[in-house]
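Taking it in order: structure first as structure tokens, then the write-up.
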Amino acid sequence: FSSSGVEYFNLADTNSNLKGFIGGFATDAHAYYVPYNNGSPHGYAVRVSLSDFSSSGVEYLNLADTNSNLKGFWGGFVTDAHAYYVPYNNGSPHGYAVRVS
């Protein structure tokens, strides 16, 4: 555990909307970032391959493209089959629970 072991990259270099996350969770294969607010509430759910921790390992999905209310989450969790996002605030408190396979 030292500064020489630090790896990083900027998610926003992949897409400028990929910023403003709150919380995350992981599987054996991916790290997931929970969409919250990048200047306003957003729905850009991101996952990064743990075997390719770089911009080429980034996948994202704008949940708000499915339903404009699906933005502004606070935390999440995962099962073997799905990622779940906990509803929080999309401009006002909301209850839109999301599951992604």
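This chain uses plain numbering: 1 for the first residue, then up along the sequence. All heavy atoms count here, side chains included; hydrogens, waters and symmetry mates do not.
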Throw together a table of side-chain donor-acceptor distances under 3.5 angstrom for residues 67-74, partners on residues two or more places apart or in other chains.
| unit_1 | atom_1 | unit_2 | atom_2 | d |
| --- | --- | --- | --- | --- |
| Asn67 | OD1 | Asn69 | N | 2.8 |
| Asn67 | OD1 | Asn69 | ND2 | 3.1 |
| Asn69 | ND2 | Tyr96 | OH | 3.3 |

Problem - salt bridge (Lys or Arg N to Asp or Glu O under 4.0 Å) contacts in which one or both residues fall within residues 73-85, not counting sequence neighbours - result: none
Problem - Pairs satisfying salt bridge (Lys or Arg N to Asp or Glu O under 4.0 Å), at least one member in residues 5-22, at least two apart - result: none
Practice task
Not counting sequence neighbours, list each pair that qualifies as a salt bridge (Lys or Arg N to Asp or Glu O under 4.0 Å) and has a residue in residues 48-62.
Solution key: Arg47-Glu59
Fill in the blank from the handout: dist Asn89:CG -> Ile22:CD1 (nearest 0.5 Å) comes out at 10.5 Å
Handout entry: Sub-6.0 Å ring centroid separation between Phe25 and His30
Key = no
Exercise for the section: May I ask you to test the Val100-Tyr85 pair for a side-chain heavy-atom distance under 4.5 Å? Expected result: yes
Problem - Heavy-atom pair with the smallest gap, counting every atom of His42 and Gly20 - result: NE2-O, 3.1 Å
Practice task
Can you measure from CZ (Phe9) to OG (Ser56) and round to the nearest 0.5 angstrom?
Solution key: 8.5 Å
Exercise for the section: Determine, using the 4.5 Å side-chain heavy-atom cutoff (strictly less than), whether Val48 and Phe21 are members of one ILVMFWY cluster. Expected result: yes
Exercise for the section: Hydrophobic side-chain clustering at under 4.5 Å (ILVMFWY, transitive links): who's grouped with Val86? Put none if nobody. Expected result: Phe77, Tyr84
Problem - Non-neighbouring partners of Leu50 that pass side-chain contact (heavy atoms from CB on, under 4.5 Å), sequence neighbours left out - result: Ala31
Practice task
Check side-chain hydrogen bond (donor to acceptor under 3.5 Å, both in side chains) between Ser92 and all other residues, then give those that pass, not counting sequence neighbours.
Solution key: none
